[in-house]
Amino acid sequence: MRALITGATSGIGKSFAKRLHKRGWELVLTGRNETVLLDMQRKLGNNTMIIPADLSDKDEVFKVYKFCKDKDIDLLVNNAGYGIFGKFDETDLRDEIDMINVNITAMHILAKLFLRDFKKHNRGIIINVASTAGFLAGPLLSSYYASKNYVIRLSLAIAEELRRDRSNVSVTVLCPGPVDTNFNNRAGVNFSVKPISPDYAAEFALRKAFAGQVIAIPKLSMKASIFVNKFLPYRLSTAIVYNIQKAKKKDPSAKAVTE
Ligand SMILES: NC(=O)c1ccc[n+]([C@@H]2O[C@H](COP(=O)([O-])OP(=O)(O)OC[C@H]3O[C@@H](n4cnc5c(N)ncnc54)[C@H](OP(=O)(O)O)[C@@H]3O)[C@@H](O)[C@H]2O)c1
């Protein structure tokens with residue numbers, strides 16, 4: 001059994017790699033950081049392949065798919081992603097387009113190409129990493145929240161198509177709340193609630209995916225808040241998210257918190 005993991009160099013992606021390796025899976029790992037990829041390959045052994053790529057560049061996404069084409073991938077983990085904090089009119093447009101390319105376009109391309117291959121063999125699993133942000137509108141992190149809405153909606157739609165086809169191929173969308181990774185540092189924010197560990201998030205997603213479940217939301221408290229949000233008027237919901245995000249803004253003089 002072999003899995004392709006995007007964003008494998010850090011956080012949740014790295015945890016997916018460790019946990020799949022423990023289960024005896026062979027891995028294809030991708031990310032931009034070649035040094036980390038080489039280090040992971042050294043630690044995880046000869047059955048681990050690496051393909052450095054910047055997924056904000058469409059050509060590089062196709063390069064990753066081409067690399068995997070003859071490698072009998074059984075599981076695609078579409079995990080690479082990040083957020084950009086700030087008011088919509090103030091964030092850098094080029095940075096944001098790169099983020100959309102990683103969070104949406106790369107995920108979309110890989111999901112489609114691997115789904116076609118998986119359907120030919122009538123087996124395979126796709127795990128798309130979204131976020132609880134994907135159930136909400138997110139002032140001050142607007143494009144990130146919007147990108148994760150896309151990931152959830154696309155995943156649910158594909159899952160329903162597969163269900164109608166009585167396919168053995170499945171899609172699971174992981175929707176965690178805060179996870180203790182490098183995500184916040186990159187976005188320039190602090191945690192507002194206690195984060196879960198990346199190992200917990202990855203293990204939870206794998207269990208749900210192997211059980212064929214479509215939505216994977218770690219932690220009951222997160223599930224409950226998503227449920228409650230369904231009944232809130234949108235103004236109240238977005239006002240709450242605004243206040244949560246505003247409180248997360250990092251003091252630039254404070255020491256960075258990493259994994
Ligand atoms: N941490 C949270 O609180 C949280 C909550 C909900 C959902 N998520 C989602 O979880 C996923 C993983 O994030 P994380 O929390 O594990 O953060 P992380 O530690 O910052 O990891 C992000 C990963 O994405 C890769 N990546 C970023 N930009 C890339 C690019 N242009 N091309 C290729 N790879 C790129 C990074 O690899 P390189 O730097 O090597 O390129 C890294 O491996 C993301 O989709 C994120 O939205 C995170």
Side-chain angles (χ1 to χ4, degrees), residues 4-19 29-41 50-64 77-85 94-111 127-136 138 141 143-152 155 173-202 204-205 215-219 222 226 244-245 248 256-259:
L4 166 66
I5 305 170
T6 72
T9 55
S10 170
I12 303 172
K14 207 175 203 177
S15 291
F16 270 116
K18 284 189 290 184
R19 303 204 84 82
L29 307 178
T30 185
R32 289 166 307 171
N33 192 329
E34 194 169 358
T35 312
V36 175
L37 288 174
L38 284 165
D39 186 51
M40 289 178 75
Q41 186 178 42
I50 57 167
I51 168 95
D54 183 344
L55 298 183
S56 66
D57 176 348
K58 256 190 268 163
D59 293 340
E60 299 251 307
V61 181
F62 287 110
K63 180 184 86 178
V64 171
V77 183
N78 254 325
N79 163 74
Y82 60 100
I84 296 173
F85 185 89
R94 277 176 193 277
D95 285 353
E96 219 159 39
I97 290 170
D98 280 350
M99 187 205 72
I100 289 166
N101 286 343
V102 176
N103 293 10
I104 296 180
T105 312
M107 181 278 311
H108 182 116
I109 292 170
L110 292 175
I127 298 177
N128 289 329
V129 179
S131 165
T132 48
F135 295 103
L136 300 161
L141 213 66
S143 313
Y144 176 73
Y145 274 60
S147 74
K148 294 302 180 180
N149 273 267
Y150 185 94
V151 179
I152 293 179
S155 305
V173 60
L174 171 65
C175 309
V179 187
D180 193 5
T181 68
N182 200 38
F183 178 90
N184 273 358
N185 278 329
R186 187 160 185 193
V189 295
N190 287 310
F191 288 116
S192 55
V193 295
K194 193 172 177 291
I196 59 171
S197 74
D199 278 353
Y200 182 94
F204 187 87
I215 301 184
I217 305 171
K219 292 280 161 196
M222 284 297 148
I226 290 161
I244 291 171
Q245 291 305 338
K248 280 165 66 178
V257 182
T258 51
E259 268 186 278

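Nothing fancy with the numbering, it's 1 onward along the sequence. For ligands, and for the atoms within them, numbers begin at 1 and follow the listed sequence. Reckoned from all heavy atoms, side chains included, excluding hydrogens, waters and symmetry mates.
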Worksheet, complete the sentence: In this structure, NZ of Lys14 is separated from CG of Leu29 (nearest 0.5 Å) by 10.5 Å
Worksheet item: Contact between Ala130 and ligand 1, counting heavy atoms under 4.0 Å?
Response: yes
Worksheet item: What do you reckon, does Cys175 put a non-hydrogen atom under 4.0 Å from ligand 1?
Response: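 It does not, in that no heavy atom of Cys175 comes within the 4.0 Å cut-off of ligand 1.
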Side chain, backbone, both or neither: which part of [X] has a heavy atom under 4.0 Å from ligand 1?
| X | answer |
| --- | --- |
| Ala53 | backbone |
| Arg186 | side chain |
| Ala8 | backbone |
| Lys148 | side chain |

Are side-chain N/O atoms of [X] and [Y] paired as donor and acceptor at under 3.5 Å?
| X | Y | result |
| --- | --- | --- |
| Ser56 | Asp54 | yes |
| Asp180 | Ser197 | no |
| Asp199 | Ser15 | yes |

Give the atom numbers and elements of ligand 1 that come within less than 4.0 Å of a heavy atom of [X].
| X | result |
| --- | --- |
| Gly31 | 40 (O), 41 (O) |
| Asn33 | 40 (O) |
| Asp54 | 30 (C), 31 (N), 32 (N) |
| Pro178 | 3 (O) |

My understanding is that we take every heavy atom of each candidate and find the minimum distance to [atom]. Doing that for [options], which one comes out nearest?
| atom | options | result |
| --- | --- | --- |
| atom 32 (N) of ligand 1 | Leu55, Val102, Ile196, Asn78 | Leu55 |
| atom 22 (C) of ligand 1 | Gly13, Ala187, Gly81 | Gly81 |
| atom 5 (C) of ligand 1 | Gly177, Gly7, Gly11 | Gly177 |
| atom 38 (P) of ligand 1 | Thr9, Thr181, Ile5 | Thr9 |
| atom 19 (O) of ligand 1 | Pro52, Ser10, Ala106 | Ser10 |
| atom 44 (C) of ligand 1 | Val129, Leu174, Asn79 | Asn79 |
| atom 2 (C) of ligand 1 | Asp180, Thr35, Val179, Asn182 | Val179 |

Item to complete: Check Thr132 against Cys175 and note the closest heavy-atom contact, atom names and distance.
Response: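 Closest approach of Thr132 to Cys175, heavy atoms only: CG2-O, 3.4 Å.
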Practice prompt. Taking all non-hydrogen atoms of both residues into account, name the closest pair between Val102 and Leu55 and its distance.
Written response: CG2-C, 3.9 Å
Fill in: Side-chain (Thr181) to main-chain (Ile12) donor-acceptor, under 3.5 angstrom
no
Worksheet item: What do you reckon, are the aromatic ring centroids of Tyr145 and Tyr150 less than 6.0 Å apart?
Response: no
Worksheet entry | From CA spacing to verdict: side-chain contact (heavy atoms from CB on, under 4.5 Å), Thr9, Leu37 | CA-CA 6 Å; Thr9 55; Leu37 288 174; 3.6 Å; yes
Discussion item. Using the rule side-chain contact (heavy atoms from CB on, under 4.5 Å), only one of Thr105, Leu141, Ile104 pairs with Ser147; which is it?
Written reply: Ile104
Item to complete: Could you check Asn182 against Ser10 for side-chain hydrogen bond (donor to acceptor under 3.5 Å, both in side chains), going step by step and ending with a plain yes or no?
Response: CA-CA 7 Å; Asn182 200 38; Ser10 170; 5.1 Å; no
